[in-house]
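This report concerns only the one structure given below.
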Protein chains: 2
Amino acid sequence: MPHKLIIFEDNARLRQSLELLLNDEKTFRVMASYPDCRNAIEAIEETAAELIVMDIDMPGMNGVEGVKMIKSTYPDVKVVMHTVFDDDTRIFDSICAGADGYLLKNTSPLQLIRSLEEVMEGGAPMSPFVAQKVFQHFRTQPILNDDFNLTPREKEVLELLVKGNSYKMIANTCSVSIDTVKRHLQNIYHKLHVNCGTEAVAKAIRHRIV
Amino acid sequence: MPHKLIIFEDNARLRQSLELLLNDEKTFRVMASYPDCRNAIEAIEETAAELIVMDIDMPGMNGVEGVKMIKSTYPDVKVVMHTVFDDDTRIFDSICAGADGYLLKNTSPLQLIRSLEEVMEGGAPMSPFVAQKVFQHFRTQPILNDDFNLTPREKEVLELLVKGNSYKMIANTCSVSIDTVKRHLQNIYHKLHVNCGTEAVAKAIRHRIV
DNA sequence: GAAACAATACCACTTTTGGGCGGGGGAGGA
DNA sequence: TCCTCCCCCGCCCAAAAGTGGTATTGTTTC
């Protein structure tokens, strides 16, 4: 049984091309296509679509907003972005909004079909350039986890501290005396090269110890 | 001209299979393969490798460490992880360590070759399941910056607190009395719905207020 | 078997923190 | 104009945080 799909794309010629390309396949059936996504919810209801190909630059409501709207009502409907934009903002906004894939418009027809199949199998297809951006994003953000030679117990105490527990509460949770907690924290502070709890919490989160 | 590649894989049979599979292609030439990556740097020097297929679970030094080492010396050599592990930690650690791709071992031979070609063209190939994890990571991580209606002054005080300053130091930096600092922090705690400094620091960092 | 370390605990002590209550001056909107 | 909000300052007080020292037990490591 072919997957029911709908298309949002404001360029009429491209829209028709996509329709032709994708309807041809046994795996997909294009139920409808629209020049904008303002009435996306109704469109999904009428067509019982399982898969959506979504442009970003459209009149009225842009694709990122569209995804957000669709996903809040139909979280299980797959949405694949299909756009010329390859800037960080649009890519990451789309992903955060709930897109299940991000394809650039220079994707070959064959690859496009393969990617749509992939998304129906639970994958998250993206164009190579997009994938590269995503990888870069990971490498810039997080400071490496240095561990700081914390013992398991110390990590446990530190985690509880980060959660906002007082010494007394930590002692209680760990079933040890409050003085032991103090001792642990003292050691932790030395190992992290900090002087107080707030600093330790900041460092712990920033270095992904917790 | 085929791309020179080397393989790190501790399973002898799989290593040989990979060698056969990849050497067959006109686009790749397997220069060597090794059961561990302790001498990766020398291996690259000797073979002038441009591309590396890297297992994770290996004796001596694991693949994530390996990538880190390789990338710190040869940032332009492409490294693709090839492993059975599909847990968040290994995936994200690998990416952060500098991996250019992450393929699971259930990848079909054809797909494997295609992915290696993709990485040589500047892409970042990953198995569908991995891609999905990556997408999920974006959606869970960045909690929206809610602002919490903090006034400029309160933000300033909060920032100083996050940096590990004591009340007294904050008072000094802001040239106000310590009691004013207390008052500000009390208002901040209320606005963030927390009860103490450590919790406020955690929330501030997690919500990207600072 | 000694040395090192993790984890536990107690004591004494100082400083910091956080909560509560009060009030004043200035800027901006209903 | 009055009201609200931001920013500022002060005092009191109890609780929590942080520092120092000493010591015991078990495990691991050399």
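By convention in this document, chain letters (A, B, ...) are assigned in the order of the sequence lines, proteins followed by strands, and residues within each chain are numbered from 1.
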- Message: Over the length of the helix from C/dG1-D/dC30 to C/dA30-D/dT1, how much do the five-pair end axes diverge, rounded to 10 degrees?
- Response: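 The two end axes of the helix from C/dG1-D/dC30 to C/dA30-D/dT1 meet at 50°.
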When the distance from [atom1] of [X] to [atom2] of [N] is rounded to whole Å, what number comes out?
X	N	atom1	atom2	value
A/M169	C/dG18	CE	C1'	15 Å
B/L158	D/dC7	CG	P	13 Å
B/N195	C/dG20	CG	P	11 Å
A/Y167	C/dA9	OH	C1'	16 Å
A/I188	D/dT19	CD1	C1'	16 Å
A/R153	C/dA7	CZ	P	8 Å
A/N165	C/dT17	CG	C1'	17 Å
A/E199	D/dA17	CD	P	17 Å

- Verify the ring-centre separation between A/F148 and A/H207: is it less than 6.0 angstrom?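 Between A/F148 and A/H207, which both carry aromatic rings, the centre distance is below 6.0 Å.
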Between the protein and nucleotides 24-30 of chain D, which nitrogen or oxygen pairs come in under 3.5 angstrom?
none

Residue list, side-chain hydrogen bond (donor to acceptor under 3.5 Å, both in side chains) with [X], at least two apart or on another chain:
X	result
B/E199	none
B/D88	B/K133
B/R15	none

- Task: Strictly below 4.0 Å, heavy-atom distances to any atom of DNA chain C: list the hits from residues 171-187 of chain B, or just say none.
- Result: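 Residues of residues 171-187 of chain B that come under 4.0 Å of DNA chain C are, in numerical order, B/K182, B/R183, B/Q186.
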- Message: Check the phosphate of C/dT15 against B/K168, side-chain N and O only, distance under 4.0 Å to OP1 or OP2. Yes or no?
- Response: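 Answer is no, no contact under 4.0 Å.
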Is it true that [X] and [Y] have a side-chain N and a carboxylate O under 4.0 angstrom from each other?
X	Y	value
B/R153	B/E156	yes
A/D93	A/R90	no
A/K71	A/D76	no

- Assign the ring pair A/Y34 / A/F8 to parallel, tilted or perpendicular, where the plane angle (0 to 90°) is split at 30° and 60°.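 The arrangement is parallel - the two ring planes meet at less than 30°.
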- Message: Which label fits B/H137 and B/F92: parallel for a plane angle under 30°, tilted from 30 to 60°, or perpendicular past 60°?
- Response: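 Because their plane-to-plane angle lies in the 30° to 60° range, the rings of B/H137 and B/F92 count as tilted.
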- Message: Checking side-chain polar atoms at under 3.5 Å, does B/E50 have a donor or acceptor matched by the opposite partner on B/Y74?
- Response: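 No.
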- Item | With A/K105, the side chain to side chain donor-acceptor pair (under 3.5 Å) member among A/D55, A/N11, A/D86 |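 Answer to the side chain to side chain donor-acceptor pair (under 3.5 Å) test with A/K105 among A/D55, A/N11, A/D86: A/D55.
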- First encountered from the 5' end of DNA chain D, between A/S166 and A/H190: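 Looking at DNA chain D, the more 5' nearest nucleotide goes with A/S166.
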